[in-house]
Amino acid sequence: MTTTTINNTLVPVFRNAFQTLLDQARHDSVFHGKLKQALKKFDLLTYRQFSPFKPREIHVDQEQLADSRYRRRLIRELKAPRPSPWVYHTLSMEQKELFSGSNNNEYLVALSQYMAENAAGRLGEVSNQDALIISRMDAMDLFHFLDRFKRFELTGEDLSKFVLHELCQRIIDENPRYQAAVAMIADAAEEARSGLKEAMKPVVDAAIADCSRRLAEISAEAGSRADAFIAKLKQEQAERQERQRLEEEEKERLAALNAGKSEEQIFAEAVKKRELAYRQANPTHPAVKVLLWGGAILLAVGFALFGEVNGVPVPELLGLDNE
């Protein structure tokens, strides 16, 4: 049996699987979105045909190739974009389209047939044993393959391996002995879980009680700290308000004292007050005062005895000269 013949025999398998998937997709919006993404990934919704737009033929005149202007024009024509020989169309698989046609099924069947031929043709060379395994494929096996694999992995060998793995998995899951073993393990685990829960109950209760006690202590300590902090904030606020009140009173007192005075008078009084405050804060030592007064007296006596005013001695000027 040739490769083409084997692939053609697999078309009904793919068609039945695609029909089942599309029928489920037109009733389930969530599954419809997942199936649409999987089909787009494998380009199974893309249809290719020859383009009706034919590019204009470019004729080369051998006699004019020596002309540089002709060569430049020819180069521009060769580099200009040209239409593709193929036109690609994306087939719709919207839910309303899947219900169209006679008996609401005509478009669904036609789309399934096209995708089946497309998928079977991409399998490449398929051996007889791989084809036998693929023939056991159901709809969900095909969906899981399209969802998990990539486009280049759609080959007869990869698909048969996946289907064989899924068949083996189902056989294992549906085996009565396997199910009985799983149930036995689940029962043993539940019994061990119940015994452990009973054994751990006193320990858990004690841990919960100790945790509750510690939380209560922490809560009480945090509450006392919060109360102290709040009391401190209130005290600081009261002190701040008292300072503000005193400052306002001082401002009002100064405003009453300075009523009717000019800025120069206010400034002079302020300078005097600062000078008086400075002197009061820094009083002169008595010894310094004695020294200053003594020096002043000596200077006065010396001037009275030895000083001159316009060349006339001070004693003579004051009439104190005995002569």
Side-chain angles (χ1 to χ4, degrees), residues 28-30 32-34 37 189-190 192-322:
D28 187 348
S29 299
V30 177
H32 176 272
K34 295 180 180 179
Q37 291 297 327
E190 182 62 28
R193 189 181 299 109
S194 300
L196 179 62
K197 184 177 181 180
E198 291 296 330
M200 291 295 294
K201 188 175 186 305
V203 178
V204 173
D205 293 341
I208 292 175
D210 183 66
C211 181
S212 299
R213 180 181 58 81
R214 291 177 179 272
L215 288 177
E217 293 176 356
I218 294 172
S219 178
E221 183 180 358
S224 61
R225 289 185 178 180
D227 294 339
F229 182 71
I230 292 173
K232 183 179 179 181
L233 289 179
K234 290 182 178 179
Q235 182 181 0
E236 292 178 352
Q237 183 180 8
E239 293 176 355
R240 185 167 56 253
Q241 290 177 350
E242 181 64 19
R243 287 196 301 270
Q244 291 177 355
R245 186 184 64 81
L246 295 176
E247 291 176 358
E248 292 295 332
E249 291 179 355
E250 180 65 18
K251 288 181 180 179
E252 293 176 358
R253 188 184 65 82
L254 292 177
L257 291 176
N258 295 328
K261 296 181 181 180
S262 63
E263 293 183 0
E264 290 79 4
Q265 292 175 341
I266 296 173
F267 178 74
E269 291 179 358
V271 171
K272 290 180 180 179
K273 288 181 180 179
R274 285 197 296 271
E275 183 179 358
L276 180 59
Y278 177 79
R279 290 180 178 179
Q280 292 176 351
N282 302 278
T284 306
H285 195 273
V288 177
K289 290 183 178 180
V290 171
L291 182 61
L292 291 176
W293 280 107
I297 293 171
L298 290 176
L299 287 174
V301 172
F303 179 74
L305 295 178
F306 304 103
E308 293 182 356
V309 177
N310 296 327
V312 179
V314 173
E316 184 180 349
L317 184 63
L318 294 176
L320 298 179
D321 192 3
N322 294 327

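Note that the CZ atom of Arg225 and the CD1 atom of Ile230 stand 14.5 Å from one another [nearest 0.5 Å]. Once rounded to the nearest 0.5 Å, the distance linking NZ of Lys197 with CD of Glu190 reads 9.0 Å.
Judged as a salt bridge (charged side-chain N to carboxylate O under 4.0 Å, His left out), and not counting sequence neighbours, Glu247 has no contacts.
Results of the side-chain contact (heavy atoms from CB on, under 4.5 Å) test with Leu246 over Glu248, Glu242, Arg243 single out Glu242 as the only residue that passes.
Not a single donor-acceptor pair under 3.5 Å links the side chain of Ser219 to the backbone N or O of Leu215.
Val30 approaches Asp28 most closely through the heavy-atom pair N-OD1, 3.2 Å.
Atom CZ of Arg245 is surrounded by more than 12 heavy atoms from other residues, nucleotides or ligands within 6.0 Å.
Using a cut-off of 4.0 Å between Lys/Arg side-chain N and Asp/Glu carboxylate O, Arg253 and Glu250 are scored as salt-bridged.
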